[in-house]
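Down below is the structure, laid out as structure tokens.
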Amino acid sequence: MSPSFGRGAMTNSWQDMQNSECFLIAGSNCAECHPIAMKWVNRARAKGAKVIVVDPRFTRTASQADVFAQIRPGTDIAYLGAMINYYIENRLYDEFYVLNFTNALYKISKDFGFKDGMFSGFNPETRKYDYASWAYQLDAEGKPVKADSLDDPDCVFQKLKTHYSRYTFEVASNITGIPVAKIKQIADTFAAAKPGNIFYALGMTQHTTGVQGIRCYAIIQLLLGNVGKAGGGIQALRGEPNVQGSTDMANLNANLPGYIPYPTNQEKTLNDFAAKHGSVQYKPIVALLKAWFGANATAENEYGYQWLPKNNPANMPIQPQFFSKMEEGQFKLLLNWGSNSTVSIPDRKLVARGLSSLEMLVVADIFNTETAQFWKEEGLNPAKIPTEVIFLPAAFVYEKAGSMTNSSRLVQWKEVALKPLNDCHPDLDMLDHIFKRVRALYSGSNDPKDEPILKANWDYGDHEASALKVLQELGGYNDTTGKPIAAIGEYLAAPIGTVSTGCWVYAGVTPEGKNLADRRGNADPTGLGLNKDYAFAWPGNIRVLYNRASCDAQGQPVDSKRKLIWWDPVQNLWVGNDGPDVVDKTKGPDTPEGKIGFKQNPEGVGRLFAATYKSGTVAPEGTAAVVPIRGAGMTVDGPMPEFYEPIESPTANLLHPEVQSNPCAKIVSKEFGNPDEYPYVLTSYGVVEHFCAGAITRNIPWLNEIAPEPYAEISKNLAHKIGVKEGDEVEVSSARGKLVVRALVTDRIQTLKINGKDQETIGMPWSWGFASLSPGPSTNNVTMNACDPGAGTPEYKCCLVNIRRA
Amino acid sequence: MKFTRRGFLKLSGLSVAAVASGLGFDLEATAAHGHALKLAGCTKIPSICHFCSGGCGLLLHIKDGKLVHLDGNPDNPINEGTLCPKAASLAQVAYSPERPKNPLYRAPGSDEFVDITWEEAYDRIAKKIKEVRDKTWTSTEEITNAKTGAKETVTVNRAEGICMIGSAEVDNEESYLLSKLARLIGTPFHEHQARI
Ligand code: SF4
């Protein structure tokens with residue numbers, strides 16, 4: 001979403017779903033995987049809202065739908081592209097919104113092109129695009145040139161129109177298996193009832209075209225004017241309890257906390273860093289360095305910038321690639337916290353080989369996971385595995401104080417409810433002890449390489465680390481007042497180098513003597529589910545992101561039933577029921593700043609076409625260099641989404657047979673199958689009773705009774721063809737591995753017509769592994785490790801398999 | 001309130017007295033009263049569900065330091081007291097016999113875990129971090145400057161041999177210290193399951 005809207009986060013909240021008139025739920029079985037979403041969807045349904053579900057299976061969510069379509073896994077972009085085409089051709093878009101809040105009028109460079117499935121700028125050697133031609137036409141000041149009307153052949157709107165003209169309902173139907181009339185019904189239903197809301201989860205992201213699928217959602221929502229409005233937006237239903245928070249805290253190699261781009265070896269100095277990423281990243285990185293190095297971070301030493309390890313872009317493995325780097329001998333020590341790769345990473349043999357190559361593996365978790373016991377798996381010889389393993393028993397969520405951030409950016413605090421069981425400890429304590437011990441081992445060293453450890457600011461208490469002290473570091477301090485930062489506005493207004501924050505988007509969460517994440521005021525005076533006094537939503541307690549786009553040219557709400565914010569001409573201020581997501585609360589709708597709906601984008605508008613662009617040039621305070629202000633988020637595999645077949649696909653790409661799959665995909669697995677040997681498409685999923693890799697839920701007796709084992713769901717046609725009945729054991733195999741489970745013969749999966757041919761889909765839940773109270777075979781024996789080039793998400797949701805009676 | 005035999009008799013007497021149609025006594029009232037007895041005198045402490053990213057509120061009923069009951073927090077506006085089956089079973093983690101009691105160690109080539117103390121665990125981990133950090137340290141590397149095309153040597157300060165997999169299942173404060181610790185010891189190789 002960030003290449004479209006500027007921020008990667010879910011736009012609205014759970015409670016806000018009650019305001020929707022229509023839902024498109026595609027790539028999410030929220031009735032099982034996010035039951036809380038269904039609670040609020042049902043509230044909207046009670047008021048007449050419509051529900052559209054698109055899924056490879058007739059799921060529990062589908063059972064609640066007004067319109068259901070069964071789709072071949074991995075082909076969403078085909079029907080979404082057809083929806084875009086239909087909205088443009090039939091003028092079903094919101095013209096005011098498109099003109100004012102998107103880049104539809106911006107003129108695109110004459111160098112841009114698209115032919116036979118490839119955008120301009122591809123380098124076949126690196127399998128990467130050079131973005132240079134995906135640019136705007138610029139005026140003398142370097143600002144984008146805007147067309148006078150949407151009919152200008154150079155403008156984004158026309159580029160979109162041409163690009164998607166190939167996506168007719170018929171083409172989409174042949175690719176996806178959804179009948180033509182059904183695609184039209186989906187498009188009409190979704191455009192007719194506004195505000196419309198789109199949900200997705202891993203069903204959409206676990207593809208080699210995952211990011212572009214979400215881009216389609218963004219384009220549809222921008223065309224229909226559904227972003228920034230109560231009941232609208234795009235909801236990324238995230239998988240884990242704190243995945244929003246852990247991403248905010250940059251547990252990923254491309255960022256520092258608060259989405260600061262991670263410095264690479266090309267950015268030798270802090271000025272180089274600012275020149276590359278824009279002045280908007282300058283203040284956050286300085287504030288972070290001050291949080292990390294305290295008084296040792298000064299203007300003279302670039303605030304300790306040199307102490308940060310720099311990324312080498314040529315060697316930046318993502319998690320699924322870590323295991324290859326272990327096997328190749330680069331990584332010798334893995335510190336692994338609350339994550340069960342042995343079950344969750346596709347192509348499990350590779351994971352086992354990687355872990356067996358380590359000198360030491362440290363696992364901290366609640367239960368003794370498959371990852372900690374990888375050397376016990378059948379087929380491995382422990383005597384030949386030299387890896388030392390240390391398991392640290394961790395305290396559970398209610399046994400420790402701290403905060404978690406839910407999918408809608410809501411930071412909620414909790415106190416200790418129970419003392420940790422046995423001799424378990426919070427991960428916070430473990431990290432504190434480990435860091436202090438490492439520091440003690442280096443004490444007295446004069447080696448410059450040890451400076452980052454010895455100069456670090458690390459003081460969270462003497463015995464047990466205090467989570468509140470850490471949260472206060474995130475919320476930040478103002479050197480000028482000597483106090484905690486009171487609100488994000490104070491952080492934004494402060495001169496560079498005078499504030500510190502561990503994560504600038506959380507600035508102001510802990511004003512002096514307060515913890516806003518611990519607020520319990522649950523009143524909802526507007527009835528819109530904003531609950532402004534409950535906990536704290538980053539940034540600045542805004543509950544509906546981009547809410548400036550819910551207002552007209554005069555700054556008044558376009559939807560009188562769902563008022564979020566408005567311009568108050570008497571006070572000369574943006575005010576409202578929600579926190580205004582505006583550049584400056586005092587700049588009215590007649591000023592350039594006051595018109596901006598998407599302030600995190602350098603253009604200030606939503607991006608239908610993800611062009612390369614950096615806004616403005618300034619000299620940030622304290623530097624001599626002139627640098628751009630803000631750069632745009634990019635999609636590495638094209639400025640507009642294009643349909644590609646999954647890496648393992650049963651059929652040829654109908655749009656461009658010579659470019660079958662995503663030319664930029666990151667291929668990690670080494671073994672691939674073809675449709676002659678492996679004719680069926682496998683899709684994996686979760687069930688309500690088990691959570692992710694099952695490390696916790698497979699140790700809970702109640703849940704094991706309800707969902708004791710994995711299975712393979714197949715259509716009646718396929719069951720007949722291979723001669724199995726419900727409950728028979730079947731062997732599912734791919735080029736990478738196999739497993740034996742029971743067959744579940746069902747109407748929930750139907751045979752699809754793909755390009756004139758019958759195609760079968762097989763569904764399997766994946767939450768099992770060889771350990772725990774309830775062991776079971778792992779579906780990831782057969783899945784494939786090939787990843788989306790932008791997000792690095794593996795294509796779990798489709799690979800080719802064979803199935804036979806075991 | 002202690003659950004004594006007298007209390008139990010009084011309770012059954014009460015329910016028999018509350019004659020309802022059919023059965024002769026009100027099963028629902030019995031159930032409700034039993035629930036009230038179990039929860040009487042508990043401290044109620046709110047917490048947060050640990051499964052999907054809903055952030056539904058939990059309410060833990062604690063008596064004498066023990067978890068007596070867990071349900072949805074009616075004051076949390078996200079779930080208004082409701083919980084899905086996964087969360088409703090979360091009380092079973094509190095005293096699960098499957099939870100390891102102390103740190104464990106598996107020696108190279110061994111086929112078993114043995115118990116170790118926290119002291120020993122921390123000591124081994126810290127020493128290993130130092131050992132791998134020192135032997136795989138890269139302080140500078142040669143790059144081709146993307147702008148000028150010139151070859152230059154730049155400071156990179158990386159411990160190439162250490163990697164870290166963080167978690168979306170721990171608190172923000174823990175997540176942040178994971179990031180901070182990784183980068184302070186020199187590893188930019190820090191990832192977690194957000195991608196998968
Ligand atoms: S109670 Fe269920 S729906 Fe709510 S956060 Fe937990 S897992 Fe998600």
Side-chain angles (χ1 to χ4, degrees), chain A residues 14 34-36 238 240-243 245-247 249-251 265-266 268 309-311 319 331-333 335-339 360 368 382-383 386 389 391 393 396-398 402-404 406-407 414 417 422-423 427-428 431 433 435 437-438 441 452 456 467 470 522 531 691 699-700 702 792-793, chain B residues 45 47-48 50-56 60 67 77-78 84 89 92-93 98-104 106 108-109 111 121-122 125-126 128-130 132 143 146 154 156-158 161-177 179 181 184 186 188 191-195:
Chain A
W14 304 108
H34 296 88
I36 188 64
R238 303 199 177 251
E240 288 97 355
N242 197 31
V243 66
S246 58
T247 313
M249 298 309 146
N251 282 220
N265 56 15
Q266 290 285 335
K268 261 192 306 182
K310 303 295 180 299
N311 261 331
Q319 189 185 345
F331 294 147
K332 304 185 187 311
L333 167 62
L335 305 168
N336 183 94
W337 308 81
S339 152
M360 185 189 276
N368 197 344
V389 184
F391 177 82
F396 195 47
V397 61
Y398 43 59
S403 67
M404 292 203 286
N406 79 358
S407 217
K414 63 193 161 59
N422 303 327
D423 198 11
D427 300 67
L428 197 75
L431 290 160
H433 277 287
F435 181 78
R437 277 190 197 234
V438 171
L441 290 175
V470 181
N522 57 6
N531 305 107
F691 176 70
N699 282 306
I700 296 183
W702 288 0
T793 305
Chain B
I45 306 181
S47 195
I48 308 164
H50 191 257
F51 290 122
C52 86
S53 54
C56 293
L60 284 85
L67 177 63
I78 300 169
C84 74
S89 73
Q92 296 198 335
V93 177
E98 302 303 313
R99 285 177 66 180
K101 299 197 169 33
N102 39 259
L104 303 170
R106 185 251 178 197
D111 59 1
Y122 287 147
I125 296 168
K128 193 73 191 181
I129 289 176
K130 180 167 189 301
V132 177
I143 61 154
V154 296
V156 292
N157 282 337
R158 273 198 315 265
I162 307 178
C163 62
M164 178 120 122
I165 299 180
S167 180
E169 310 205 359
V170 300
D171 293 346
N172 284 324
E173 295 73 18
E174 298 172 326
S175 223
Y176 170 72
L177 287 198
S179 272
L181 179 125
L184 289 179
E191 285 269 306
H192 81 310
Q193 66 268 58
R195 292 188 197 278

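Within every chain, numbering begins at 1; the chains are lettered A, B, ... in the order of the sequence lines, protein sequences first and strands thereafter.
In this structure, the side chains of A:Pro241 and B:Ser53 stay at 4.5 Å or more apart for every pair of heavy atoms. The side-chain heavy atoms of A:Trp337 and B:Glu174, taken from C-beta on, include no pair separated by under 4.5 Å. Put simply, the side chain of A:Ser403 does not reach to within 4.5 Å of the side chain of B:Asp171, judged on heavy atoms. Side chains of B:Asn102 and A:Asn422 form no contact here, defined as non-hydrogen atoms less than 4.5 Å apart. Side-chain atoms of A:Leu333 and B:Ile129, non-hydrogen and from C-beta on, do get closer than 4.5 Å to each other. Between B:His192 and A:Thr247, the closest side-chain pair of non-hydrogen atoms falls below 4.5 Å. Side-chain contact between B:Val93 and A:Tyr398: present, with at least one pair of heavy atoms (C-beta onward) separated by less than 4.5 Å.
Not a single donor-acceptor pair under 3.5 Å links the side chain of A:Asn336 to the backbone N or O of B:Ile165. Between the side chain of A:Asn251 and the backbone N or O of B:Ser175, at least one donor-acceptor pair lies under 3.5 Å. For the pair B:Ser179 (side chain) and A:Met249 (backbone), a donor-acceptor distance under 3.5 Å is present. Proximity of a side-chain donor or acceptor of B:His50 to a complementary backbone N or O of A:Val397 within less than 3.5 Å is not detected. Counting only distance, with no hydrogens or angles, the side chain of A:Asn406 and the backbone of B:Gly54 share a donor-acceptor pair below 3.5 Å. Not a single donor-acceptor pair under 3.5 Å links the side chain of B:Glu173 to the backbone N or O of A:Leu428.
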Practice task
Begin from the C-alpha positions of B:Ile125 and A:Leu335 and carry the test side-chain contact (heavy atoms from CB on, under 4.5 Å) through to its verdict.
Solution key: CA-CA 9 Å; B:Ile125 296 168; A:Leu335 305 168; 4.3 Å; yes
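Contact annotation for B:Val132: only side-chain heavy atoms (C-beta onward) come within less than 4.5 Å of a heavy atom of chain A. Residue contact with chain A, scored on non-hydrogen atoms closer than 4.5 Å, involves the side chain of B:Ile143 exclusively. Looking at B:Ile78, both its backbone and its side chain come within 4.5 Å of chain A, counting heavy atoms on both sides. Of the two parts of A:Asp427, the backbone and the side chain both hold a non-hydrogen atom closer than 4.5 Å to a non-hydrogen atom of chain B.
In terms of heavy-atom pairs under 4.5 Å with chain A, the best-connected choice from B:Asn172, B:Leu184, B:Asp111, B:Leu67 is B:Asn172. Across B:Cys163, B:Ser89, B:Gly109, the residue that shares the most heavy-atom pairs under 4.5 angstrom with chain A is B:Cys163. Across A:Ala417, A:Ala456, A:Pro452, the residue that shares the most heavy-atom pairs under 4.5 angstrom with chain B is A:Ala417. The candidate from B:Pro103, B:Gly186, B:Cys56 with the greatest count of non-hydrogen atom pairs under 4.5 Å with chain A is B:Pro103. Highest contact tally toward chain B, considering only A:Val438, A:Asn265, A:Asn311, is held by A:Asn265 [criterion: heavy-atom pairs under 4.5 Å]. Note: B:Gly161 leads B:Ala121, B:Ala146, B:Gly161 in heavy-atom pairs under 4.5 Å with chain A. Taking chain A as the reference chain and counting heavy-atom pairs below 4.5 Å, the highest number among B:Ala126, B:Pro108, B:Pro77 is found for B:Pro77. When B:Leu104, B:Ile45, B:Leu60 are compared by the number of non-hydrogen pairs under 4.5 Å with chain A, B:Leu104 comes out ahead. Each of A:Pro386, A:Gly402, A:Pro309 has some count of heavy-atom pairs under 4.5 Å with chain B, and the biggest count is that of A:Pro309.
Atom NZ in A:Lys332 sits 11.0 Å away from atom CD1 in B:Ile162 (nearest 0.5 Å). Here CD of B:Glu169 is found 9.5 Å from CE of A:Met404. Values are rounded to the nearest 0.5 Å. Taken from CZ in A:Arg437 to OH in B:Tyr122, the straight-line distance is 8.0 Å, to the nearest 0.5 Å. Taking CZ of A:Phe331 as the start and CE of B:Met164 as the end, the distance is 12.5 Å to the nearest 0.5 Å.
Residues B:Ser167 and A:Ser246 approach most closely at O-CB, 3.3 Å, considering heavy atoms. In plain terms, the two heavy atoms of A:Lys310 and B:Arg158 that are nearest each other are O-NH1, 2.8 Å. Listed here is the closest heavy atom pair of B:Pro100 and A:Pro393: O-CB, 3.7 Å.
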